[in-house]
Number of protein chains: 2
Amino acid sequence: MAVEQTTRRVTRRRVRTRANLLDAAFAVFAAKGFGRVSIEEVCEAAGYSRGAFYSNFDSLDELFFALYRQRADLIAEQVTEALALDGPGLDVPASVDRVTEVLLLDVDWLLVKTDFLVHAARDRAVAQTLLEHRERLRRAIEERLARATGHTALPAVLGGVDGAARAVVAAYDGVTTQLLLDKDIERARVWLGQLLTALLTDGSGRPEQDL
Amino acid sequence: MAVEQTTRRVTRRRVRTRANLLDAAFAVFAAKGFGRVSIEEVCEAAGYSRGAFYSNFDSLDELFFALYRQRADLIAEQVTEALALDGPGLDVPASVDRVTEVLLLDVDWLLVKTDFLVHAARDRAVAQTLLEHRERLRRAIEERLARATGHTALPAVLGGVDGAARAVVAAYDGVTTQLLLDKDIERARVWLGQLLTALLTDGSGRPEQDL
DNA sequence: TGTATCGGATACATTCCTGTATCGAACGGA
DNA sequence: TCCGTTCGATACAGGAATGTATCCGATACA
């Protein structure tokens with residue numbers, strides 16, 4: 001953290017500045033990619049000088065990390081909420097619609113998240129953070145699926161609720177990759193729905209909706 | 001391209017230099033990520049001065065592009081070959097083993113490829129190249145699956161051989177994402193096998209091996 | 001409202017990287 | 001082997017980004 005001290009009077013101005021810097025960073029990172037952005041650019045976009053930056057962060061890496069945490073937490077909450085909404089039956093299309101509303105809506109977030117992925121792939125500590133975020137999401141899915149068992153059967157190949165949840169995440173990641181290239185959100189949404197239906201049904205051709 | 005001229009005597013030395021630069025770039029990009037690499041670093045790793053670089057490329061972007069094409073072509077060939085090998089029956093585990101031997105073996109390649117993905121996600125022209133590469137692979141898979149129909153049935157939800165091939169690619173992408181974080185190749189391989197089995201069987205619980 | 005502290009602007013030194021221009025050595029063809 | 005061409009090393013100038021030190025206006029709190 002920038003400026004260590006046992007006690008520190010944190011003013012409102014500081015909080016605002018920090019938030020503005022993070023917001024500006026998000027926009028700039030999304031547009032140009034983390035690797036092509038300088039501290040100055042972020043400051044300029046936020047309407048501050050570099051003095052403000054160094055007063056709040058030690059490096060661009062630290063800011064990126066903070067940015068990721070902020071948004072990832074937000075999204076994890078939203079997804080958990082969205083999954084908690086519906087009843088015990090597993091209405092795949094409805095759930096997918098609601099969740100993708102959160103997860104696939106904002107291509108900018110996908111861009112930044114992928115930047116963060118390649119960043120994490122080269123740094124154990126950062127990777128750990130990302131893995132934890134992913135696990136939180138997977139857990140939420142797992143619980144959702146668990147509530148549905150008894151009502152519906154999952155395909156055996158994946159090995160229980162745990163495997164099924166992993167499969168959902170993998171499908172999401174797979175669809176994301178394609179989406180980053182063709183930028184066709186609607187297509188991605190439909191496609192994810194199909195994939196999940198294929199993965200979460202026993203394959204009798206009868207999707208397990210509303211059972 | 002660097003140094004345009006209608007006719008040009010290309011010496012062997014030049015070819016060697018170019019190849020060395022590309023190889024060095026691959027190593028450096030894999031280790032540090034495209035965004036954190038300077039032209040000088042690539043040259044140093046290759047044992048050349050910057051003069052050699054500018055004689056062969058105009059920018060780091062151009063080199064990156066050339067590097068991607070080179071490796072992507074190689075891999076597309078290998079995958080096509082691997083898929084052409086076996087008979088008309090669809091032996092999912094065997095095919096997966098053989099293909100992942102090529103696709104998931106080299107984490108360095110996955111790192112570079114993902115760097116290229118985020119690069120492409122922000123540049124239409126580059127994205128086009130990546131999409132073409134992906135389509136080549138998808139076609140190879142499609143043909144493989146087509147040869148298997150009549151012997152085996154695919155789940156209807158995905159909508160024919162086309163959809164099934166897309167699903168295979170998505171599964172691969174999904175597993176790749178996780179692999180980049182946990183670096184566990186064996187796990188990834190097993191996991192991809194399970195996913196594909198789940199996706200490509202009619203879900204009766206009976207994988208369509210050796211039919 | 002007064003005052004001590006905090007936050008951010010500004011200016012500066014520095015480092016790193018880029019791109020170009022030039023030159024000698026290596027190369028290939030005869 | 002000789003010669004014209006090509007390749008890559010070296011030196012240089014310019015620019016861009018970084019991090020720090022300093023200062024003044026803003027802010028919290030009594």
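The sequence lines fix the lettering, A, B, ..., with proteins before strands; numbering per chain opens at 1. Just so it is clear, the values below take in all heavy atoms, side chains as well, and ignore hydrogens, waters and symmetry mates. Fair warning: this is a prediction, and the values are worked out from it, not measured in the lab.
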Map B:Ser59 and B:Arg16 onto DNA chain C by nearest heavy atom, then report which one ends up closer to the 5' terminus.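 Its nucleotide being nearer the 5' end, the pick is B:Ser59.
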Heavy atoms from C-beta onward define the side chain here; which of [options] lies closest to that of [X]?
| X | options | answer |
| --- | --- | --- |
| B:Ala52 | D:dA9, C:dA9, D:dT27 | D:dA9 |
| B:Tyr48 | D:dT18, C:dC6, D:dA9 | D:dA9 |
| B:Tyr54 | D:dT18, C:dT18, D:dA28 | C:dT18 |

Under the salt bridge (Lys or Arg N to Asp or Glu O under 4.0 Å) definition, can you give me all pairs with a residue in residues 157-172 of chain B, not counting sequence neighbours?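 Listed by first then second residue: B:Asp162-B:Arg166.
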Residue pairs passing the salt bridge (Lys or Arg N to Asp or Glu O under 4.0 Å) test where at least one lies in residues 174-187 of chain A, sequence neighbours excluded: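 Those involving residues 174-187 of chain A are A:Glu186-A:Arg189.
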Out of curiosity, B:Ser55 OG to B:Arg14 CZ, how far, rounded to the nearest 0.5 Å?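 It is 4.0 Å, given to the nearest 0.5 Å.
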Nucleotide [N], atom [atom2] - distance to [atom1] of [X] in whole Å:
| X | N | atom1 | atom2 | result |
| --- | --- | --- | --- | --- |
| B:Arg13 | C:dA25 | CZ | P | 12 Å |
| A:Phe57 | D:dT18 | CZ | P | 15 Å |
| A:Phe53 | D:dA17 | CZ | P | 14 Å |
| A:Glu62 | D:dG19 | CD | P | 12 Å |
| B:Asp58 | C:dG19 | CG | C1' | 11 Å |

Residues in side-chain contact (heavy atoms from CB on, under 4.5 Å) with B:Ala120, at least two apart?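 If we apply the side-chain contact (heavy atoms from CB on, under 4.5 Å) test to B:Ala120, skipping adjacent residues, the hits are A:Leu181, B:Val126, B:Ala127, B:Leu130.
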Using residues 23-34 of chain B as the side-chain source, report each donor-acceptor pair under 3.5 Å to any protein atom, sequence neighbours left out, with the distance given to one decimal.
from, atom 1, to, atom 2, distance (Å)
B:Asp23, OD1, B:Arg71, NH2, 3.3
B:Lys32, NZ, B:Glu41, OE2, 2.5

Sugar-phosphate only, base, or nothing, as touched by A:Arg50 at under 4.0 Å among non-hydrogen atoms: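 The answer is base, as A:Arg50 lies within the cut-off (heavy atoms under 4.0 Å) of a base atom.
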Across all strands, who's sitting opposite C:dC23 as a Watson-Crick or G-U wobble pair, both distances under 3.5 Å?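 Base-paired to D:dG8.
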Please work out which residues in residues 19-45 of chain A have a non-hydrogen atom less than 4.0 Å from an atom of DNA chain C and list them by number.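 Result for residues 19-45 of chain A: none.
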Less than 4.0 angstrom between a side-chain N/O of A:Ser49 and OP1 or OP2 of C:dA9, yes or no?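 True: A:Ser49 side-chain N/O within range (under 4.0 Å) of C:dA9 OP1/OP2.
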Pairwise side-chain hydrogen bond (donor to acceptor under 3.5 Å, both in side chains) hits with a residue in residues 104-115 of chain B, at least two apart: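 Non-adjacent pairs meeting side-chain hydrogen bond (donor to acceptor under 3.5 Å, both in side chains): A:Arg122-B:Asp115.
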When you check the side-chain N and O atoms of B:Arg138 and B:His133, is any donor under 3.5 Å from an acceptor?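 Side chains of B:Arg138 and B:His133: no pair found under 3.5 Å.
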